[in-house]
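Notes follow once the structure below has been shown.
Proteins come first, then strands; the chains are lettered A, B, ... in the order of their sequence lines, and each starts at number 1.
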Amino acid sequence: MAATTTVPSASPISGSRSFLRRLCDGDEIARLITFLFAASVVLVTLLLILELWHSSALARHKFGLQFFFTRVWDPIAEQFGALPFIYGTLVTATTALVLAVPLGIGAAIFLAELAPARLSDGLEFFIDLLAAVPSVIYGLLGMFIVVPLMRDYVQPGLKNTMGFLPLFSGPAYGVGFLTAGIVLAIMVIPYIISVSREVLMSVPRDQREAALSLGATRWESTWKVVVPFARTGILGSIFLALARALGETMAVTRVIGNTPTISASLLSPGYSIAAVIANEFTEATGDLHLQALIELGLVLFLLTFLLNGLARLLIVVTSQRGGGTALA
Amino acid sequence: MSTRLRWRKFVSGLMLTLTGVCALVAVSVLFFILGYLVYHGGRSINWDFFTKLPAPVGESGGGMANAIVGSAKLLLLASLLGVPIGFLGAIYLAEFSGSRVAFVVRYAADLLNGVPSIVIGIFAYALVVLPFKHFSTLAGGFALGLMMIPITLRGTEDFLLAVPRALREAAMALGASKWKTIATVIVPAAYRGILTAVLLAFARVAGETAPLLFTALGNRFWSPGWNQPTASLPVAIFNYAVAPYEDWHRQAWAGGLVLLALILVINIVARAILARGVAVPRA
């Protein structure tokens with residue numbers, strides 16, 4: 001939809017002369033230069049994919065699909081399996097979403113439906129700032145606040161009340177899947193709020209008014225009409241948050257415990273893909289070790305690629321549907 | 001009937017209150033983070049932090065002067081790479097390209113934007129560190145610059161497209177060539193928005209740690225030139241936080257405060273610029 005306003009150029013009777021003239025105007029030069037820069041974006045992206053693929057060839061050939069189903073990670077014996085890392089990444093991201101989605105969508109509903117416009121815009125400003133806080137700072141706060149809090153209060157509390165569930169068994173170390181999930185939840189909530197609020201506000205006003213005029217309470221009109229209308233967009237925001245949570249490195253590395261274990265307990269320490277790359281990349285013991293780490297990077301890339309694509313599709317679908325009839 | 005109505009009203013009130021509580025919790029987290037950082041960082045920050053090198057291991061005192069300078073150098077390199085490509089690429093997308101090429105470029109930019117930052121680090125390692133056989137400022141700046149490209153590009157493009165058509169047509173009707181129209185009419189009309197996009201991209205990469213871990217690496221001394229490992233503020237915070245020394249924790253908090261202040265100030269300035277703007281969309 002590039003709003004091109006191409007003024008019809010001189011008739012193509014003397015094509016080469018008009019090209020020369022346009023060259024003298026500088027238009028063709030400007031076009032060429034900017035094209036080179038735009039093309040470099042595509043090239044760099046392709047190069048990135050190629051490089052990841054190429055640099056992990058050794059590991060891909062040696063382990064094949066087995067890479068994804070082996071739970072041994074032993075640099076000395078040159079045995080590399082990605083399962084504990086994939087498991088840790090998925091578990092922490094899921095935990096984060098379970099905590100962040102209700103809170104984020106609740107807050108978005110408040111901002112879009114209830115809060116007066118000024119308050120809503122003001123809070124949105126703060127939430128955008130929250131989204132800008134760098135992850136290394138969340139790591140710092142996670143290490144010095146969340147971990148001690150978990151170790152001394154939350155995890156013993158969970159064990160005392162729900163310790164019979166395998167989900168909350170084992171010793172309370174402070175670090176672990178649950179702690180990483182909580183820190184990730186704090187990090188992704190701003191994204192969920194921001195996008196969901198935007199989508200909710202684009203729901204046409206007549207939808208709300210129709211529901212209210214039929215006798216629905218305010219909550220019923222919100223929950224049964226507005227939210228379903230914005231459903232796909234909200235889902236998009238959740239996928240976006242999930243992609244963020246999967247790729248997050250610095251904060252997770254500091255609170256997950258960095259032990260490649262697979263355990264049903266959320267209190268157990270674990271490891272995530274991004275964390276193992278961060279910890280071992282510069283100290284890789286050999287080519288195979290390095291390439292196995294790069295293959296992990298490739299896996300991470302593909303995961304986030306799929307989720308981001310899905311998220312964008314959902315957001316586009318909703319905004320097109322909402323945009324056509326929007327009055328408010 | 002009326003009990004049911006009362007029940008429905010009760011549920012409505014309850015749930016709406018709950019959404020308010022959600023918003024309150026989410027926002028109070030920000031104030032908590034800010035407050036905690038300001039409290040701990042403020043207690044530990046001093047003049048030495050800005051002017052001294054890290055003290056030898058085991059001694060207390062010292063600062064992060066080398067990390068601050070290192071971050072500045074990295075961000076300079078990143079801007080030199082990210083801003084021209086993002087800006088000129090966006091001009092091509094908004095003014096010259098057909099819709100098919102634009103789709104491909106946009107898609108690539110969005111893809112690049114979604115790549116986890118640690119993967120960007122791997123890429124920069126393979127592309128710059130390995131051939132030069134050196135962890136270096138150059139490699140770190142390259143990694144951060146890559147991350148700036150998509151943010152600058154998409155932001156700039158949005159604001160260029162928002163420039164009213166009438167302005168373009170007026171310029172062309174006066175006989176200006178296309179590039180002249182772009183340079184003298186369209187870009188000046190959108191400059192606030194473009195500046196905002198660039199500032200937001202800058203703020204985003206200023207706090208990035210993961211791409212620097214195996215490109216710029218880290219350094220406890222000054223890093224001369226551009227081809228040596230260099231310290232940077234985020235990596236220094238990251239490393240100091242796990243050190244077993246109380247004094248290093250103190251410095252990590254101080255570093256966190258400086259970094260956060262920088263990023264929040266840039267964000268607020270960017271938004272303020274935009275708020276005073278003209279016919280531009282919200283980013």
Side-chain angles (χ1 to χ4, degrees), chain A residues 1-3 5 7 25-27 30-31 33-35 37-38 40-42 44-45 48 51 55 103 106-107 109-111 114 123 126-127 129-130 132-134 136-137 139-141 143 145 186 189 193 217-220 243 247 249-250 254 274 277-278 281-282 294 297 300-301 304-305 308 312, chain B residues 8-9 11-12 15-16 18-20 22-23 25-27 29-30 33 85 88-89 91-94 96-97 99 102 104-105 108-109 111-112 114-116 118-119 122-123 126-127 149 153 161 165 168-169 172 177-179 203 207 209-210 213-214 234 237-238 241 252 256 259-260 263-264 267:
Chain A
M1 274 120 287
T5 55
V7 176
D25 282 350
D27 277 2
R31 186 193 170 88
I33 292 175
T34 55
F35 173 74
F37 279 95
S40 71
V41 179
V42 181
V44 146
T45 310
L48 185 135
E51 189 70 52
S55 302
L103 202 62
I109 290 176
F110 176 79
L111 292 180
L114 278 185
L123 288 182
F126 278 109
I127 285 159
L129 286 189
L130 199 57
V133 174
V136 68
I137 287 177
L140 206 60
L141 293 159
M143 258 184 80
I145 306 174
I186 297 173
I189 281 176
I193 296 182
T217 62
R218 192 116 181 236
W219 171 252
E220 284 163 349
T249 317
M250 308 324 293
R254 286 300 179 239
I277 299 175
F281 200 84
T282 47
I294 296 178
L300 193 60
F301 170 77
T304 46
F305 168 64
N308 274 320
R312 211 164 311 120
Chain B
R8 284 170 56 203
K9 283 192 165 160
V11 168
S12 177
M15 294 311 281
L16 292 175
L18 274 182
T19 63
C22 287
V25 169
V27 175
V29 167
L30 173 79
I33 289 176
I85 295 185
L88 291 173
I91 287 186
Y92 181 78
L93 285 191
F96 289 112
S97 80
S99 62
V104 173
V105 176
L111 190 61
L112 197 59
V115 175
I118 188 111
V119 176
I122 295 180
F123 178 54
L127 211 66
I149 293 174
L153 182 95
L161 287 179
R165 203 189 163 96
R168 293 163 215 262
E169 285 171 355
M172 288 191 161
S177 64
K178 186 142 189 175
W179 76 267
T209 319
L213 287 176
F214 23 86
I237 297 169
F238 182 65
L259 189 63
L260 188 68
I263 288 169
L264 291 191
N267 264 280

Pick from [options] with the largest number of heavy-atom pairs that fall under 4.5 Å of chain A:
options	result
B:A126, B:P234, B:G20	B:G20
B:L127, B:L264, B:L260	B:L260
B:L18, B:L213, B:L16	B:L16
B:G114, B:P116, B:G207	B:P116

**Message:** Using the rule given for side chain to side chain contact (heavy atoms under 4.5 Å, CB included), can you reason through B:L93 versus A:T34, listing the C-alpha separation, both sets of side-chain angles and the distance that settles it, and then say yes or no?
**Reply:** CA-CA 9 Å; B:L93 285 191; A:T34 55; over 6 Å; no

Counting only heavy atoms closer than 4.5 Å, note whether [X] contacts chain B via side chain, backbone, both or neither.
X	answer
A:M143	side chain
A:L48	both
A:I277	both
A:A243	neither
A:I137	side chain
A:T217	both
A:L129	both

**Prompt:** Is it the side chain or the backbone of B:V25 that comes within 4.5 Å of chain A heavy atoms, both, or neither?
**Reply:**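 The answer is the side chain of B:V25.
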
**Asked** Checking heavy atoms, do the side chain of B:A203, its backbone, both or neither come under 4.5 Å from chain A?
**Response**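 It is neither, since no heavy atom gets under 4.5 Å.
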
Most chain B-contacting option - heavy-atom pairs closer than 4.5 Å, from [options]:
options	value
A:I127, A:L123, A:L111, A:I193	A:L123
A:P134, A:G106, A:A132	A:G106
A:I109, A:L141, A:N308	A:L141
A:I189, A:L103, A:T282, A:I294	A:L103
A:T45, A:I186, A:L300	A:T45

**Prompt:** So which heavy atom on B:W179 is nearest to which on A:A30, and how close?
**Reply:**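 That would be CB-CB, 3.6 Å.
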
**Asked** Which atom names give the shortest non-hydrogen contact between B:A23 and A:F110, and what distance separates them?
**Response**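 Of all heavy-atom pairs spanning B:A23 and A:F110, the closest is CB-CD2, 3.5 Å.
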
**Request:** For the residue pair B:T19 and A:W219, establish whether any side-chain heavy-atom pair is separated by less than 4.5 Å.
**Result:**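 Yes; the side chains approach each other to less than 4.5 Å.
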
**Asked** So do B:I263 and A:V133 actually touch side chain to side chain, heavy atoms under 4.5 Å?
**Response**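 Side chain of A:V133 against side chain of B:I263, heavy atoms only: no contact under 4.5 Å found.
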
Gap between atom [atom2] of [Y] and atom [atom1] of [X] - 0.5 Å precision:
X	Y	atom1	atom2	answer
A:F305	B:L111	CZ	CG	5.5 Å
A:F301	B:I122	CZ	CD1	11.5 Å
A:R218	B:R8	CZ	CZ	15.0 Å
B:F214	A:F281	CZ	CZ	5.0 Å
B:I237	A:M250	CD1	CE	10.5 Å

**Request:** Go through A:T249 and B:T209 one step at a time and tell me if the side chain to side chain contact (heavy atoms under 4.5 Å, CB included) criterion holds.
**Result:** CA-CA 9 Å; A:T249 317; B:T209 319; over 6 Å; no

**Request:** Apply side chain to side chain contact (heavy atoms under 4.5 Å, CB included) to the pair B:V115 and A:T304, showing each step before the final yes or no.
**Result:** CA-CA 7 Å; B:V115 175; A:T304 46; over 6 Å; no

**Request:** Examine A:R254 relative to B:F238 and say whether NZ or CZ is less than 6.0 Å from the centre of the six-membered ring and inside a 45° cone about the ring axis.
**Result:**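 Yes; both conditions hold, so A:R254 lies above the ring face of B:F238.
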
**Message:** side chain to side chain contact (heavy atoms under 4.5 Å, CB included), that's the test. Do A:L130 and B:V27 meet it? Break it down for me.
**Reply:** CA-CA 8 Å; A:L130 199 57; B:V27 175; over 6 Å; no

